[in-house]
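Residues take their numbers from the sequence shown, with the count starting at 1. Being a predicted model, the structure only gives us computed values, none of them experimental. Just so you know, these numbers use all the heavy atoms, side chains as well, and skip hydrogens, waters and symmetry mates.
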Amino acid sequence: MKNSAFLIIALLSFTASFAQDFEEEPQYRNAPFSIGFGLGMDYGGFGGKATYIIANRIGVFAGLGYNFNGAGYNFGASLRMAPDKKVTPYISLMYGYNAVINVSGNFDFKETYYGTTLGFGIELKSRNQPNYWNFGILVPFRDPDYQNTLDALKASGVTFDSEPWPIGISIGYHFGLK
C-alpha cells in the first residue's frame, strides 16, 4: 500500500511538473471601445476613428479628419474574423468621403465626393494590452459625378499632379479604453 501511494504521488507530481512546460496561447484583450489616430478614408483622411465593439466579432466606427479639402468623415461596421488572436483579420463596409478633387491656380475648384467603401485588413494586437495597430486596403465605390467632373476638368485643360488610386490604404494606432 505504501508503494502504491508513493507511486501515485510521484506520478501526479511528474504530471503536474510536465504540464507546466507547455505554455498556453496568450490571450489578447479586446477593449469594448477604442480611439485611433491614423490615415485613410476610415479616419476621415488624416484624423481619428472611434470604434465600439457591439458583439465579439462586430464593431461599429466613425472617423473624422482632414481630407485636403476640409473635414472628411466616414462611418460603418466591421466584422472581425478572429477577435481573440494577435492578428485579427476583418472586413468593413462604410459610407462617407471617398474622393476629393482639389484644383488651385488660375482656376479654383474643390469638391468632396461621398459613397460606399469596402475594406479588408488586420488588427495587430499587443499582448496583455487593449491597444492595436490597424492596417487596411479600401475599395471605394465612387459616385459617377466624380469621374464625370474629373473628365470635364481634364477636357478643359486642367492637368493634375495626381489622381486618386482605385484603392486606398488605411494605417492607424488604436488605444483601447475600458
Begin with the C-alpha distance, continue with both residues' side-chain angles, and end with the deciding distance and a verdict on side chain to side chain contact (heavy atoms under 4.5 Å, CB included) for Phe109 and Val158.
CA-CA 10 Å; Phe109 180 85; Val158 175; over 6 Å; no

Closer than 3.5 angstrom, by distance alone: can the side chain of Ser92 be matched with the main-chain N or O of Ala77 as a donor-acceptor pair?
no

Who pairs with Tyr132 by ring pair (Phe, Tyr, Trp, His ring centres under 6.0 Å), at least two apart in sequence or on another chain?
His174

I'd like to know if Leu177 and Trp133 are part of one continuous hydrophobic network [Ile/Leu/Val/Met/Phe/Trp/Tyr, side-chain heavy atoms within less than 4.5 Å].
yes

Check: Ile171 and Asn134 side chains under 4.5 Å, non-hydrogen atoms
no

Euclidean distance, Phe135 CZ relative to Tyr90 OH, rounded to 0.5 Å
10.0 Å

Could you state the interatomic distance from OH (Tyr173) to OG (Ser34), rounded to the nearest 0.5 Å?
11.0 Å

Can you tell me how far the NZ atom of Lys86 sits from the OG atom of Ser126, to the nearest 0.5 Å?
7.0 Å

Linking I/L/V/M/F/W/Y whenever their side-chain heavy atoms sit closer than 4.5 Å, directly or via other members, would Ile167 and Tyr114 fall into one cluster?
no

Which residue pairs satisfy the salt bridge (charged side-chain N to carboxylate O under 4.0 Å, His left out) criterion with at least one member in residues 91-110, sequence neighbours excluded?
none

For a quick test of your reading: what N or O donor-acceptor pairs under 3.5 Å do the side chains of residues 137-145 make, sequence neighbours left out?
{"from": "Arg142", "atom 1": "NE", "to": "Asn98", "atom 2": "O", "distance (Å)": "2.8"}
{"from": "Arg142", "atom 1": "NH1", "to": "Trp165", "atom 2": "O", "distance (Å)": "3.1"}
{"from": "Arg142", "atom 1": "NH2", "to": "Asn98", "atom 2": "O", "distance (Å)": "3.2"}
{"from": "Arg142", "atom 1": "NH2", "to": "Trp165", "atom 2": "O", "distance (Å)": "3.3"}
{"from": "Asp143", "atom 1": "OD1", "to": "Asp145", "atom 2": "N", "distance (Å)": "2.7"}

Kindly say whether Met41 contributes a backbone atom to a donor-acceptor pair with the side chain of Asn74 at under 3.5 angstrom?
yes

Within residues 87-102 or reaching into it, pairs that qualify as salt bridge (charged side-chain N to carboxylate O under 4.0 Å, His left out) - sequence neighbours excluded:
none

Could you name each residue pair satisfying side-chain hydrogen bond (donor to acceptor under 3.5 Å, both in side chains) that touches residues 58-67, not counting sequence neighbours?
none

Would you say Thr112 and Asn69 are linked by a side-chain donor-acceptor pair, where the criterion is simply a distance under 3.5 Å?
yes

By the rule that ILVMFWY residues connect when side-chain heavy atoms come within less than 4.5 angstrom, directly or transitively, which residues belong alongside Tyr43?
none

Spacing of Thr149 atom OG1 and Glu111 atom CD [to the nearest 0.5 Å]:
7.0 Å

Hydrophobic clusters here meaning ILVMFWY residues chained together by side-chain heavy-atom distances under 4.5 Å, can you tell me if Tyr97 and Phe68 are in one?
no

I want to check something: taking the side chain as every heavy atom from C-beta on, are Thr117 and Tyr95 in contact at a cut-off of under 4.5 Å?
no

Could you tell me the separation between the CG atom of Leu39 and the OG atom of Ser170, rounded to the nearest 0.5 Å?
7.0 Å

Identify, with sequence neighbours excluded, every residue that meets ring pair (Phe, Tyr, Trp, His ring centres under 6.0 Å) alongside Tyr146.
Tyr113

In one Ile/Leu/Val/Met/Phe/Trp/Tyr side-chain cluster, 4.5 Å: Met94, Leu64:
yes

Provide the full list of salt bridge (charged side-chain N to carboxylate O under 4.0 Å, His left out) pairs with a residue in residues 90-99, sequence neighbours left out, each pair given once.
none

Quick one: side-chain hydrogen bond (donor to acceptor under 3.5 Å, both in side chains) partners of Tyr73, sequence neighbours excluded?
none

Donor-acceptor pairs under 3.5 Å, side chain of residues 46-56 to any protein atom, not counting sequence neighbours: which ones?
{"from": "Lys49", "atom 1": "NZ", "to": "Asp42", "atom 2": "OD2", "distance (Å)": "3.0"}

Over all heavy atoms of both residues, which pair between Ala82 and Lys125 is shortest? Give the atoms and the distance, please.
O-NZ, 4.4 Å

Step-by-step side chain to side chain contact (heavy atoms under 4.5 Å, CB included) determination, Leu93 to Thr116
CA-CA 7 Å; Leu93 185 64; Thr116 305; 3.4 Å; yes

Pairs flagged by salt bridge (charged side-chain N to carboxylate O under 4.0 Å, His left out) wherever residues 112-123 is involved - sequence neighbours left out
Arg80-Glu123

Where do Val103 and Phe160 land on the side chain to side chain contact (heavy atoms under 4.5 Å, CB included) test, with the steps shown first?
CA-CA 8 Å; Val103 178; Phe160 291 92; 3.7 Å; yes

From Ile122 atom CD1 to Met81 atom CE, the distance as rounded to the nearest 0.5 Å
13.0 Å

Partner set under ring pair (Phe, Tyr, Trp, His ring centres under 6.0 Å) for Phe61, not counting sequence neighbours:
none

